[in-house]
Amino acid sequence: MQERAPEMELIRQAQGGSRAAFDALVRQYEQQVLRLALHLTGSEHDAEDIYQEAFLKAFRYLGNFRFECSFYTWIYRIVTNLCLDQMRRRKTRREDHAVVLDRSGDEIDLLASVSDERAFSNPAKELDRKHMGEKIQSALEKLTPRERMVFELKHYQGLRLRTIGEMLNTTEETAKNTLFRATKKLRTQLAELR
Amino acid sequence: MNCDLMHERLLAAAYGELQDDLVHELERHMSDCPNCQAEEAQLQALKLLADAYPVLEPEPNLVARSRMRLEEALDALPPLRWYERMMQRAGNNIARLQGMPVAASLLVLIGAGAGGLGGFRMAEIRAAQAVNQTVPSALGVQMQPMANGTPAEETINISSVVRQPNSGMVEVRYNHVVPERIQGSLEDPAIRQLLMLASENSDSEGVRDDSVGLLAAECRAGHGCQATGIRDALMAALLYDRNVEVRRKALEGLEPYVTQDVQVRDAVLEALMNDPDPRIRTAAVNLLQPLEADTSVREVLYSVSNSDRNPHIRTVSRQVLSQVPEIQ
């Protein structure tokens, strides 16, 4: 609550037209927005576009924010909708799933950039892990955009199902069912790895 | 126990979403169900596998670039116009109202209640005015309030007036939503009020005749026509009733007051000037005879003696005028 009080003040100031207050809100949430968009789209370029569009929308419609939910939920709702639109537009994705493109078009290997700190790690296991990561990304791509979003928000972002339901304008129960379907599909896809 | 349901609960438990009261039930089921134990193992494997596609923190360059691009876009945005700000505020206000359904419902209920009550009061006032307006205003006739709660103002129509033989009792039948009946003495203010209404409103000539006849008899007998509106009712009947017999009876009832009441005298003079029936005009001349010295009476008699279309009335008028020495 103590953390929310200054945030509410920032929001009120931003609603009153304070650009500095809005910038402060952007700095508070930009990492999370980019992280989610990057993981979902697999593209820095798309993540940057989503970031831009999300905060522009937030700026334009901040006057409509009525403190009925947290600002976090509100901004995530905007971002998830934009990500869903993006995923629907890009149903056919690149085959090289473990690789994302940076701004200049260069490839970044997400799996290679994560170090394995386990004591028994070795190059062979690293290779296996990278292979697994690719398979998982491929399996994730085969989910519907909505299933992918629910799994992303639950498994990777660690949000409560209730919050996910709020963000996606649905109920907690529907979010739970969607998560159940997503895990079933993923298990079928990944059966060969086990 | 249904394993499909348990699989759903297993997933909820794996993500920390299972309610506390269901955890124990799930554990008991798991201890006896190899199928669900396998399901749990697969779920844990999936969670482990999924972590092989990690979530990375965005690089500082990406964050800085995104921020700069956003700032440029924000700088390029035109400021909100006044009507856009107004619409935003209006939208917020409406949403706030929607957020308070109880308050909105109360407002609607209060508004409807106040409107209904106001409408009811207005209807009452108008009904009262409508009753009062039935009395001719030319003579300044006033409706007297009823005593003893008699429904005079709400009376719609009087159907009959009957005097009981060998008694001072009168029976008046009237419609008051449903037909009703009241019985009482002619001295009874309620009866008198109904008779006055009957003399002015009833569609039935017989009812008007009966009621005016009774009221006139009361006046001729000297039974308290002073304070009530009976005299006014008789004047109205004399001047406006369509039935000559009713007018004649009204004129008879007014006779005791011609000499003392200027209003009555004026009403009789008007009847003399304008009544279409010569019998009424003749009776009026006779009534005015004791007042031949009155200026207004003389003027009317003079006019009638010259212009009345009935020769008998002209003659009678001249005879009356001839008795006044000043005119000769």
Side-chain angles (χ1 to χ4, degrees), chain A residues 17 19 22-23 26-27 30-31 33-39 44 47-48 51-52 55-56 59-61 63-64 66 68 97-98 102-103 108 110-111 113-114 129-130 132-137 139-140 151-152 154-158 160-162 172 176-177 179-180 183 186-187 190-191 193-194, chain B residues 4-5 7-12 14-18 38-39 41-80 84-96 98-99:
Chain A
R19 177 70 185 279
F22 184 75
D23 287 344
V26 171
R27 280 194 293 279
E30 62 187 358
Q31 290 276 348
V33 168
L34 274 174
R35 194 166 54 216
L36 175 65
L38 194 60
H39 198 252
E44 278 195 355
E48 203 178 315
Y51 169 101
Q52 165 105 341
F55 283 116
L56 277 176
F59 183 77
R60 196 172 294 131
Y61 299 110
N64 296 342
R66 292 183 292 271
E68 288 165 350
H97 299 291
D102 68 8
R103 183 77 180 166
I108 302 170
L110 290 176
L111 298 173
S113 64
V114 179
R129 218 173 57 79
K130 186 182 174 187
M132 272 200 299
E134 287 170 3
K135 289 285 184 189
I136 288 158
Q137 195 177 11
L140 286 170
F151 189 79
E152 174 76 30
K154 182 70 224 179
H155 184 85
Y156 292 110
Q157 308 291 330
R160 306 288 300 173
L161 284 170
R162 186 177 174 181
E172 180 180 351
K176 192 171 109 181
N177 292 337
L179 178 68
F180 190 70
T183 53
L186 283 173
R187 277 164 52 186
L190 300 171
L193 293 179
R194 294 196 299 272
Chain B
D4 287 339
L5 178 65
H7 291 176
E8 285 183 29
R9 290 184 181 172
L10 265 175
L11 178 70
Y15 283 110
E17 296 270 358
L18 190 65
E39 174 78 9
Q42 287 180 14
L43 207 55
Q44 293 301 332
L46 174 69
K47 286 187 75 180
L48 201 64
L49 280 171
D51 289 340
Y53 178 54
V55 179
L56 300 179
E57 283 301 315
E59 292 194 4
N61 278 346
L62 175 64
V63 177
R65 196 168 58 240
S66 302
R67 193 184 294 170
M68 278 179 60
R69 200 175 142 205
L70 175 66
E71 282 178 4
E72 283 170 16
L74 287 173
D75 289 339
L77 278 180
L80 280 180
E84 288 172 326
R85 283 198 298 272
M86 288 286 287
M87 281 175 70
Q88 251 182 13
R89 277 185 197 168
N92 277 347
N93 289 338
I94 290 167
R96 210 166 285 142
Q98 284 172 339

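Just so it is clear: chains get the letters A, B, ... in the order the sequence lines come, proteins before strands, and each one is counted from 1. Because the structure is predicted, anything quoted here is derived from the model rather than measured.
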Which answer fits A/Glu30, side chain, backbone, both or neither, if we ask what part of it has an atom under 4.5 Å from a heavy atom of chain B? side chain

Salt bridge or not for B/Arg67 and A/Glu48, using N-O below 4.0 Å? no

Between A/His155 and A/Phe151, what is the ring plane arrangement, given parallel below 30°, perpendicular above 60°, and tilted in between? parallel

May I ask you to establish whether B/Lys47 and B/Tyr15 are in a cation-pi arrangement, using a distance under 6.0 Å from NZ or CZ to the six-membered ring centre and at most 45° from the ring axis? yes

Under the side-chain contact (heavy atoms from CB on, under 4.5 Å) test, residues paired with A/Arg160 that sit two or more places apart: A/Thr163, B/Glu17

A/Leu179, part contacting chain B, at a heavy-atom distance under 4.5 Å: both

Could you tell me whether B/Arg9 and B/Asp4 make a salt bridge, using a distance below 4.0 angstrom between a side-chain N and a carboxylate O? no

Using non-hydrogen atoms only, which part of A/Phe59 is less than 4.5 Å away from chain B: side chain, backbone, both, or neither? side chain

Highest number of heavy-atom pairs under 4.5 Å with chain A: which of B/Asn61, B/Leu43, B/Leu74? B/Leu74

Any idea which of B/Ala73, B/Ala50, B/Ala14, B/Gly16 has the most non-hydrogen atom pairs under 4.5 angstrom with chain A? B/Ala50

